[in-house]
Amino acid sequence: MISFTEEQKKILDYSGGTMSISAVPGAGKTFITTHLVLKLLKSSEKSRILILAYMNSAVNNFKNRINKMIDEEGLDESLKNRFEVMTIHSLATMIIKENPERVGIDEDFMIIDDFRRAATLEYLIQKHKYDESGNNTEMYNILKNMIDPSAIEKSKKKNNIRDNLDKTVFDMVTSILSKIKSYGISIYEFEARLKKGLVSTIFPIIKDYDEYLRENGLIDYDDILNLAFRLLESDEDVRNKFNQRYSVVFEDECQDSNEIQSDILSILTEKTGNLIRVGDINQSITGSFTSSSPKNFRDFINRSDKKKEMTVSGRSSDVIINAANKFLYDVSHDPGFSSISDGVLQTYIKSAKDAGISMKNPPSEDSFIEKRALENEQRELRFTVDMVKKYMDKYPEDTVGILTRDRFSLSDLSMTLDESGVEHYNLGEVSATKKKSVKKFGKVLEFLKSPGDLDILIDSFLASESNLFDMFYLTRSKKYFDAELNKEIGNTFNKFFDFEGSDMSESFEYIGSKLKAIYDVQKPNVKNGNNIEFSKENFSKMAIISMRNMKKAFNMQCLPIDEMILEMVDFLCEDDFDRMLMEYFSKYINFRMNFEEDFNVDDVRDIARLNGRDPFGFILNFLSELDGYEPEKGSLTISTYHKSKGLEWDFVVMTGLTERNFPTEMKSLRTKYFLKDRYSRPLDIAFREISNIMGEDAENKKIEELSETARLFYVAITRAKKRIFMLWPRKNKFKFDNKKSKFVDLIDVVKLSRKI
């Protein structure tokens, strides 16, 4: 029988009106939301319910849970048709399609996806750097003048500074675009108000991007929300249709909503008045790079008919719960954090035993909180890897999460773990194993360019059959095949390609001697999904398949490169993830071909090698998000602090806990180290300019940024079930002194109270 807390029972009593639910980490908000949805569906045949989730993985989670509950209770299947789960952008798209002409767009409008948006902006940034003669533009000279000359002198790689400047401009453009559109005005309306400053300097890029969208019949995600709101406001028929469509609307993770989302929800529920918003202000951590603000949820809580809290959590031990609660209390009451105190809610976590229910928290005797300062960032990195290896040997069933502040430190951590032979899942940058299909395609392209090159031949041979590629990728043995098998492979190549001439014949015979890491005397069983034993006989069969695939590839050279990619999907891809990635790769190449006149096969080969800038981050994150991610027993996950929200581990390692990464006062807010002091916070400058144009208080942004940093620290603490290790380096990579974040001092060290 299901056991509900007293708080949950009060939520289940809901019968109508507006209701806010503030839920602490691990309180089971999805659990109670799904039970309330089912109760409402059962209560009336007229009930039609909408659930808005923040991420696609959450959409799937809600759908699966509710459908499973309907099946388990043996209820009528028709209930499954009376609830919908979608993201706010999916809902907005559905609204726009009702009457797109009313908001000035064609009915065949398309939404620009993340990869095309990123590729377009990167292209436009490069375009605005140089004029037709190849000289720096006035805009780029102004931006370059922001760079601190001393940073160039200290940098070992001068190109890193330029790349950092490009990335800063990219981040500024995307953030400024979202900020402008959050006011519900067009780019041209904003341009009419624009004043001289940093925003006006990069505004040509923004304007070109907006023109590109209109010329190609595209809208982006920020446009979707604006257009949906405008249509609901201006078209009475559309408005009536949607505000009568749902009897109750739920919003999950509403601490991440922005003002336009809140306005859309108000219109959707203006007839019924039945709106339930669930979230946790203390987990609002996306405002620094989106237009979201916890203010929207805070305002809703204040005006809602029913204010409910979920404070009981079974996720963490009392040691972790006490640390999280003490942190909230100190940040709220210590005069040293007065600028942050209003940015957190004093909603404290209760352990399950305090609620008198059967839910069990992990035992406190098994918990610890430790801290350590390391000499520098490199020592911190090395200590983290060595310590985690020992921990996982001692506690092989535990899940472990290592958190870093940004993707650069995450990349260094992943590389060090790889070098140490430690398996891990990288949440911030999907590992090379997830991009195998692209690498395999690159190797086949290399072969088509240079079929007589022996090293390229062996690489493409391996790449063109999945099991062979896995053997090479995973076993890394150093044994050779015998002469008989070498000859067999060479003869088979000759047969399939019908090449004559000593160069190719020698290549085929040579292939056996180059097949390192495939077949050693122990005949290893490699876990590649099929658990195939790679015997000599199995290898021979796979070799034949590989050669057939290589011949297919050889015959595809007449196709356009983007079409060739799609044709090779069948023999390069092992699963749906690979297929979707290759389809994206084809779209990306098609985009580059249409945008850049001199784009050619050599450029495609460079991209497929995955060297330099990686164009797959957006789509890989999207594909990984579809089904969500849950750490398995005995696994190690590495993540940025932001990406960790929604996850939990037995043991959490918090790295980089410096005042720069977790600032507690205005002067400590993160800056761009390579820029001159007066430009070191360019996005802050840009947002202040926009706020002044729009008549807002610009100083609030700095205060909110500090508050968000405190909430991020709180999120990190509450990811842990049993154990936390806090680390910080005394010096940064430039050998300058680091200050420990003052947040660290609010957490007490707790040693294990018993041997495990």
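Just so you know, these numbers use all the heavy atoms, side chains as well, and skip hydrogens, waters and symmetry mates.
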Within the 4.5 Å heavy-atom criterion, are [X] and [Y] side-chain neighbours or not?
X      : Y      : result
Phe109 : Ile111 : yes
Leu268 : Asn243 : no
Leu198 : Met172 : yes
Ile88  : Ile224 : no
Leu427 : Leu647 : yes

[X] (side chain) donor-acceptor with [Y] (main chain) under 3.5 angstrom:
X      : Y      : answer
Arg711 : Ser284 : yes
Asp235 : Leu232 : no
Asn136 : Tyr140 : no
Asn216 : Leu218 : no
Lys676 : Asn145 : yes

Open item on the list: So, using salt bridge (charged side-chain N to carboxylate O under 4.0 Å, His left out) as the criterion, who are the partners of Lys127 when residues are at least two apart?
Closed with: Asp208
Approximate separation, where rounding is to 0.5 Å, of [X] [atom1] and [Y] [atom2]:
X      : Y      : atom1 : atom2 : result
Arg277 : Leu275 : CZ    : CG    : 6.0 Å
Asp223 : Ser178 : CG    : OG    : 9.5 Å
Ser234 : Asn99  : OG    : CG    : 8.0 Å
Asn258 : Lys181 : CG    : NZ    : 13.5 Å
Ser409 : Asp412 : OG    : CG    : 7.0 Å
Leu559 : Met568 : CG    : CE    : 8.5 Å

How about [X]: does its [atom1] atom have over 12 heavy atoms from other parts shown lying under 6.0 Å from it?
X      : atom1 : result
Gln244 : CD    : yes
Glu236 : CD    : no
Met110 : CE    : no
Lys97  : NZ    : no
Lys271 : NZ    : yes

Heavy-atom pair of closest approach, residues [X] and [Y]:
X      : Y      : value
Ser639 : Ser644 : OG-N, 3.4 Å
Met139 : Thr201 : CG-O, 3.2 Å
Asp256 : Lys645 : OD2-NZ, 3.4 Å
Gly184 : Asn226 : CA-OD1, 3.6 Å
Ser586 : Leu566 : OG-CG, 3.5 Å
Ala686 : Ile176 : CB-CD1, 3.8 Å

Task: Member of Glu270, Glu98, Glu233 meeting the side-chain hydrogen bond (donor to acceptor under 3.5 Å, both in side chains) criterion with Arg239 - done: Glu270
- [ ] Would you mind listing every ring pair (Phe, Tyr, Trp, His ring centres under 6.0 Å) that reaches into residues 183-214, with sequence neighbours excluded?
- [x] Tyr212-Phe595
Open item on the list: Whether Lys672 engages the ring of Tyr679 as a cation-pi pair (distance to the six-membered ring centre under 6.0 angstrom, angle to the ring normal within 45°) should be assessed.
Closed with: no
[X] and [Y]: side chain donor to acceptor below 3.5 Å:
X      : Y      : value
Glu253 : Gln255 : yes
Ser411 : Ser414 : no
Glu259 : Ser182 : no
Asp166 : Gln126 : yes

Task: Derivation of the salt bridge (charged side-chain N to carboxylate O under 4.0 Å, His left out) call for Glu84 and Arg48 - done: CA-CA 8 Å; Glu84 296 178 57; Arg48 185 170 181 83; 2.8 Å; yes
Task: Evaluation steps, salt bridge (charged side-chain N to carboxylate O under 4.0 Å, His left out), between Arg688 and Asp684 - done: CA-CA 6 Å; Arg688 188 162 57 248; Asp684 188 51; 3.1 Å; yes
